Amino acid sequence: FPCVVKPIQSSSGMGHSLLKGDGDTMASWQKAQDKSHPGHCGVIIEGLVEFDYEVTLLAVHHSEGIDFCAPIGHRKLTANYSESWQPHGMGEAELTQAQEYASKIVENLGGFGLFSFEFFVKEGQVYFSKVCSRPHDTGMVTFASQNLSQCALHLRALLGLPIPKIVSRGPAAAAAILADGDGVATYQVGPAALSTPDTDLRLFGKQEVHGKRPMGVALALGETVDQARERVVTAAGAITVEIS
């Protein structure tokens, strides 16, 4: 103790618990069972890492090898994705270490496509957190930041199509448009959402909301990451999702 308990398979941090002592054990087990995907009843127990920062690293495995996107920083509110930006400042040694870990894992898992890694970094040491064999919510920033988005890379790799050099368009950020309620969703787009240069929206078109749910994402480029983050927060704040 302390340690983290997770369901064998879940999504967006659902069912995770922080255990500080034996008295938390049964409650954490039940939470994992309630939130796990059907048919997955076990749990994973991990040591707690008091990390300096966390990054997403996208690796695309295709017929010519493995390529990486620039590191992505992100922020979450509880279990829900809130904001991400690219590039995230990362030392050269730490980036090399993360890429080496990712390459070994991809090669052992096998298969073509996009692999989305999350790593913790603590005092120059890189710790593996998780991997998804698909595009990732934090990777939605690549719709603005790169010539080839995470989805384009995934599709090209699966279909055996060429993947030329991944080119950065500059500092970029993405912010989720979240809704909370129970019912039918209606989107209201305010002028501020699209009035800033190099700003765009992706509305997911989800018709219903049950609890907290991401309904879209605002995207922006900037002269700096901080400027891009300011732009997406403004844009996302100008979208209202009404539940009826």
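The structure displayed is predicted, hence computed values, not measured ones. Values reported hereafter were calculated over all heavy atoms of this structure, with side chains retained and with hydrogens, waters and symmetry mates removed.
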Worksheet item: Hey, any chance Leu221 and Leu194 share a hydrophobic cluster, counting ILVMFWY side chains that come within less than 4.5 Å of each other, even indirectly?
Response: no
Worksheet item: Should the ring pair Tyr101 and Phe119 be called parallel, tilted or perpendicular, given that the plane angle runs from 0 to 90° and is split at 30 and 60?
Response: tilted
Worksheet item: Do the side chains of Ser116 and His154 get nearer than 4.5 Å, heavy atoms only?
Response: no
Item to complete: Might you point out which heavy atoms bring Pro171 and Ala228 nearest each other, and give the distance in Å?
Response: O-CB, 4.1 Å
Discussion item. Check whether Asp52 reaches the backbone of Glu123 with its side chain - one donor and one acceptor, N or O, closer than 3.5 Å.
Written reply: yes
Practice prompt. Go through the steps to decide whether Val232 and Trp85 satisfy the test side-chain contact (heavy atoms from CB on, under 4.5 Å), and finish with yes or no.
Written response: CA-CA 10 Å; Val232 292; Trp85 55 88; over 6 Å; no
Discussion item. Membership question, hydrophobic clusters at under 4.5 Å side-chain separation (ILVMFWY): are Val55 and Phe51 in the same one?
Written reply: no
Fill in: Heavy-atom donor-acceptor pair, Lys31 side chain to His16 backbone, under 3.5 Å
yes
Fill in: Within one Ile-Leu-Val-Met-Phe-Trp-Tyr cluster: Leu201 and Val209, side-chain cutoff 4.5 Å
yes
Item to complete: Mind checking the CG-CG spacing from Leu153 to Asp67? Nearest 0.5 Å is all I need.
Response: 8.5 Å
Discussion item. I want to check something: taking the side chain as every heavy atom from C-beta on, are Gln33 and Val43 in contact at a cut-off of under 4.5 Å?
Written reply: yes
Item to complete: Would you check if Ile105 and Phe115 make a side-chain contact, meaning some heavy-atom pair closer than 4.5 Å?
Response: no
Fill in: Considering all heavy atoms, the nearest Met215-Ala185 contact
CE-CB, 3.7 Å
Fill in: Gln150 side chain to His136 backbone, donor-acceptor under 3.5 Å
yes
Worksheet entry | Derivation of the side chain to side chain donor-acceptor pair (under 3.5 Å) call for Ser28 and Ser17 | CA-CA 6 Å; Ser28 68; Ser17 298; 5.0 Å; no
Worksheet item: With no hydrogens and no angle check, is any side-chain donor or acceptor of Arg213 less than 3.5 Å from a backbone partner on Glu208?
Response: yes
Discussion item. As a test of understanding, state which of Lys122, Glu46, Glu118, Glu54 forms a side chain to side chain contact (heavy atoms under 4.5 Å, CB included) with Tyr127.
Written reply: Lys122
Worksheet item: Is any side-chain heavy atom of Leu58 less than 4.5 Å from a side-chain heavy atom of Thr142?
Response: yes
Discussion item. To check you understand the geometry: which heavy-atom pair defines the closest contact between Arg231 and Gly222, and what is its length?
Written reply: NH1-CA, 3.9 Å
Worksheet item: Same hydrophobic cluster for Phe112 and Leu159, using side-chain heavy-atom links shorter than 4.5 Å among ILVMFWY?
Response: no
Practice prompt. Examine distances only and state if a side-chain atom of Thr196 and a backbone atom of Ala192 form a donor-acceptor pair shorter than 3.5 Å.
Written response: no
Worksheet, complete the sentence: In this structure, OG1 of Thr96 is separated from CZ of Phe68 (nearest 0.5 Å) by 10.0 Å
Worksheet item: Any side-chain heavy atom of Met140 within less than 4.5 Å of one from Arg202?
Response: no
Response to the item:
Nearest heavy-atom approach of Ala235 to Ala193 is CB-O, 3.6 Å
Practice prompt. Check whether any side-chain heavy atom of Trp29 lies under 4.5 Å from a side-chain heavy atom of Val5, and answer yes or no.
Written response: no
Practice prompt. Locate the shortest heavy-atom distance separating Val225 from Pro87; write the atom from each residue and the value.
Written response: CG2-O, 3.5 Å
Worksheet entry | Whether over 12 other heavy atoms sit under 6.0 Å from Lys206 NZ | yes
Discussion item. Is there a path of hydrophobic side-chain contacts, each under 4.5 Å between heavy atoms, that joins Val131 and Tyr81?
Written reply: no
Worksheet item: When rounded to the nearest 0.5 angstrom, what is the spacing between CG in Asn108 and OG in Ser103?
Response: 11.0 Å
Item to complete: Report the distance from atom CZ of Phe128 to atom CZ of Phe120, rounding to the nearest 0.5 Å.
Response: 10.0 Å
Worksheet item: Which residue, Ile72, Leu95, Val126, forms the side chain to side chain contact (heavy atoms under 4.5 Å, CB included) with Leu57?
Response: Leu95
Worksheet entry | Rounded distance [0.5 Å steps], CG in Leu114 versus CG in Leu155 | 11.5 Å
Discussion item. Could you go through Glu107 and Ile66, starting from their C-alpha distance and side-chain angles, then the distance that decides it, and tell me whether this counts as side-chain contact (heavy atoms from CB on, under 4.5 Å)?
Written reply: CA-CA 9 Å; Glu107 289 166 358; Ile66 300 174; 4.2 Å; yes
Fill in: Main-chain N/O of Glu223 paired with Gln227 side-chain donor or acceptor, under 3.5 Å
yes
Worksheet item: Would you call Leu148 and Val60 a side-chain contact if the rule is heavy atoms closer than 4.5 Å?
Response: no
Fill in: Minimum side-chain heavy-atom gap Gln125-Gln97 below 4.5 Å
yes
Discussion item. If I take atom CD1 from residue Ile177 and atom CG from residue Leu203, how far apart are they, to the nearest 0.5 angstrom?
Written reply: 5.5 Å
Discussion item. With side-chain contact (heavy atoms from CB on, under 4.5 Å) as the criterion, how do Asn147 and Ile166 come out once you've worked through the C-alpha distance, each side chain's angles and the decisive distance to 0.1 Å?
Written reply: CA-CA 6 Å; Asn147 62 325; Ile166 301 171; 4.1 Å; yes
Worksheet item: Which atoms form the tightest heavy-atom contact between Tyr187 and Gly205, and what is the distance?
Response: OH-N, 3.4 Å
